Structure formats: structure tokens, C-alpha cells
Amino acid sequence: MPYASGNRRKPRKRALRYVAWGALGLVLVGGGGLAYAWQHLDGNIRGTDVNAALGHDRPSEQRDGSMNILLLGSDSRAGTHGRYGQGVSGARADTAMVLHVDKTHKKASVVSIPRDTMVERPRCAKPHGGTAPAERRTMFNSSYQVGGPACTVKTVEKMSDIRMDHYLEVDFKGFEKLIDELGGVDITTRKAIDDPHSGLDLNAGKHTLKGKEALELVRTRHGVGDGSDLGRIQLQQAFIKALIHRADTVDPLGSPATSYALADTATKSISADSELASADKLLGLAKELKGISPDRTRTVTMPVTYDARNSGRVLPLDEASHRVWTALREDRPVPKSATEASVGDATESPVSAGS
């Protein structure tokens, strides 16, 4: 799918709303004003040839002009020197969202997939050779660990029967650096949050979070809600809105040196499918989606219920999930009734954007 390159005008505020962590910051902060510099930063972006890895056994492409992008935040500890947990090897899909852009590219739906969802994972090729056998009952986030982003794409496509046109990913280290380069992000907590597992300790009130605390926030699960991944998803969705507000204040032409540093950090933080793994194409994608705003975006969590076998896990509500995926496949808004029975949308987020 071709994308027009960006230009030197100041970027609009409406590029790629509601995407996973730093992937959002990449597009918003980069913007058309940095196109001239980003052409020299292509080598920073890591690409994976998902089409080659998955072959032809995939859902059909949607040819109505709509688009589906899998947005991943991986929990890779590479380069973090044990700061986010000792004895943790590899990486998992710590955050996963399906961004569906409608055929007009003016509206979007975002479906968060809880990492602790027990799913049927398909047979996947391993990144360095060999094959991981299919599993009938396994955690969703294990798909990344056994087969990399291509396996996560394949798992989502099996769950949804929707073809992912692209994927974008950011890891722990890249996310933290990007927030620091931005100078922090403003949020308001409705109540105190204390999670010794992530390290986050915030009083109720207004805060400006730098990279370390921002990462602790989007990783927090034990300090909010029922301690499952569902509360963390609410925090992530709220933080994304706060990140949008912060990125909207950046003028890439006001300080070229600062802007280039942001672009360099952003491109080093991002992985994408090979069709999207260039600064030029990412800028073109941002330009195409600049008309999407929060009030034109429906954000939900895939309908789930608690797993009777393990209270720390959830199971898809098959009929309700089918309605969500069908709406995306048919390029319709996700009906509110599809998520009414889900435990994922049952409570108000303890965090809001802004200060």
C-alpha cells in the first residue's frame, strides 16, 4: 500500500490517534516538519517481513479502503540491565491493540487485547528456524515469545478473522527514552496508586511523568483494579491520550536540534512490518490518518470474562468478541452492546489525561 511522503509544514495534531505507547509518539512527534531529516534515519527502524513469514494462509485483504494495524508494546528487557525484572528472557506482547481505520480514514476503532487472555495459538514459524506447535490453551502474550511479531499477527488474525495490514511495535527502553525526550507527559490520578511490582508510587492529583515513571504507569497492574491486565489496559489507554496532548505541543521547526533528537529516538524505538519500515512511509501514513480525532475513535477492550481455572487469567466471550470483530471486518463502529457483559470495560480508569 503506497504512502505519500511528508512535507516541511508543521504537522497537524490528528495523526494516528490511540496507538500503542511510543508508536503513537513516533508518528505525532515526527510529523511532516521532520521529513527532510527522517530521510536520513531509515536505518534506525527495524523491519520484519510478516507477509513472507505467514504465507498465504491468512484472512483476505479488505479492499474497501479500510485499514487494520496491530500495535504492540513488547516487554523486551534488552539493554535495560535488569531494571525491569531479573531472570526474564525474551519478550512478550505486553500490550496489543488492533487499530481499525474506516474506509474514509476519518474514523477509527481500537480493540485492546488483554495479554493474559487464554487463546488458541496457531502453529508458528520461529524467527531463527524451526516451528512452534499450536497450543489450544495458552496466554496471548506468549505468541510473541515463541514466534516474534509474525506469530502475534497470526494469532490475532486467527482470533478475529481480520487481516492485519501492518504492525508497529515499541519496547521498554525505547518508550522510556521517547518520553524523556518529550520532557514528560501530564496525567491526573483520581486516587493514589502504589504498585511495588512496577515501582510506581503516585499520590492522587496532578503529575508530570518522565520516562521511568511513565513506563511504570503503563506496566502497573497490581496497584489498580483487580490486579489483572484489565486495569493496566485502562491506564495505557488514558496515557495514550495524555501522550497525544503532550505531542501536540511540539513544534518541530522551533528547535531543529531537539526535533532531530526526537526523531532519532523515535525511529530507534520502533519496529514495523517491512512494508512500513521507513521514515518516509511512516510519515505518509501519519498524513493519511491526520483527520482522525479522539471524538471519532471508539476504544474498547476485547470482551472477556474471568477464567474459572485461574483468577489471574481471562477468557474471550466468544459471541461478544465475534460481534466486535465482525463490526471491524464490515467497517462498522463497534456496538456498545458488544462489550456490556465484559469484565474489561466495567470500571472507570483511575487516571485521566492532562494536569
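Remember, predicted model here, so these are calculated numbers, not experimental data.
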Within a radius of less than 6.0 Å around [atom1] of [X], do more than 12 heavy atoms belonging to other residues, nucleotides or ligands occur?
X: Arg332; atom1: CZ; answer: yes
X: Asp57; atom1: CG; answer: no
X: Glu319; atom1: CD; answer: no

Inset, instruction - Start with the C-alpha distance between Asp195 and Glu216, add both sets of side-chain angles, then the distance that settles side-chain contact (heavy atoms from CB on, under 4.5 Å), and finish with yes or no. - result: CA-CA 9 Å; Asp195 183 0; Glu216 289 170 352; over 6 Å; no
Could you check whether any side-chain heavy atom of [X] comes within less than 4.5 Å of a side-chain heavy atom of [Y], counting everything from C-beta outward?
X: Leu209; Y: Leu202; answer: yes
X: Pro149; Y: Tyr144; answer: yes
X: Gln62; Y: Arg163; answer: no
X: Asp161; Y: His322; answer: no
X: Arg58; Y: Val153; answer: yes
X: Ser109; Y: Val300; answer: no
X: Thr189; Y: Asn203; answer: no
X: Thr138; Y: Val146; answer: no

Nearest heavy atoms of [X] and [Y], plus distance in Å:
X: Ser342; Y: Pro303; answer: OG-CA, 3.4 Å
X: Gly148; Y: Pro127; answer: N-CG, 4.1 Å
X: Arg323; Y: Ser337; answer: NH2-OG, 2.6 Å
X: Gln234; Y: Pro350; answer: OE1-CD, 4.1 Å
X: Glu213; Y: Thr208; answer: OE1-O, 4.2 Å
X: Pro122; Y: Lys154; answer: CG-CG, 3.7 Å

How far does [atom1] of [X] sit from [atom2] of [Y], to the nearest 0.5 angstrom?
X: Thr220; Y: Leu235; atom1: OG1; atom2: CG; answer: 6.5 Å
X: Asp307; Y: Arg137; atom1: CG; atom2: CZ; answer: 4.0 Å
X: His166; Y: Ser274; atom1: NE2; atom2: OG; answer: 10.0 Å
X: His100; Y: Asp165; atom1: NE2; atom2: CG; answer: 10.0 Å

Inset, instruction - Answer with yes or no whether the side chains of Arg232 and Thr95 bring together a donor and an acceptor at under 3.5 Å. - result: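 Looking only at side-chain atoms, Arg232 and Thr95 do not form any donor-acceptor pair under 3.5 Å.
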Legend entry - Exercise: do Ser66 and Asp102 side chains pair donor with acceptor under 3.5 Å: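 There is no such pair (donor and acceptor under 3.5 Å, judged by atom type) between the side chains of Ser66 and Asp102.
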Inset, instruction - Give a yes or no answer on whether the side chain of Arg121 reaches the backbone of Pro133 with a donor-acceptor pair at less than 3.5 Å. - result: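 Here the side-chain-to-backbone pair exists.
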Legend entry - Test log, rule salt bridge (charged side-chain N to carboxylate O under 4.0 Å, His left out), inputs Glu181 and Lys177: CA-CA 6 Å; Glu181 290 280 3; Lys177 288 184 65 177; over 6 Å; no
Do [X] and [Y] belong together in a cluster built from hydrophobic side chains that touch within less than 4.5 Å?
X: Ile162; Y: Phe140; result: yes
X: Val119; Y: Tyr306; result: yes
X: Ile233; Y: Val343; result: no
X: Leu317; Y: Met139; result: no
X: Met118; Y: Val304; result: no

Legend entry - Met164/Asp273 under side-chain contact (heavy atoms from CB on, under 4.5 Å): CA gap, chis, key distance, verdict: CA-CA 10 Å; Met164 297 296 109; Asp273 62 279; over 6 Å; no
Inset, instruction - Please step through side chain to side chain donor-acceptor pair (under 3.5 Å) for the pair Thr48 and Tyr167, ending with a clear verdict. - result: CA-CA 9 Å; Thr48 297; Tyr167 93 90; 3.3 Å; yes
Inset, instruction - Scan Leu99, Leu70, Leu71 and name whichever one has a side chain to side chain contact (heavy atoms under 4.5 Å, CB included) with Leu168. - result: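 Output: one option passes, namely Leu71.
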Inset, instruction - Just do the side-chain contact (heavy atoms from CB on, under 4.5 Å) check on Thr152 and Glu169 with the steps written out, would you? - result: CA-CA 11 Å; Thr152 302; Glu169 174 190 343; over 6 Å; no
Inset, instruction - Could you give me the CA-CA distance, side-chain angles and deciding distance for Arg329 and Thr326, then say whether side chain to side chain donor-acceptor pair (under 3.5 Å) is met? - result: CA-CA 5 Å; Arg329 195 162 48 250; Thr326 297; 3.1 Å; yes
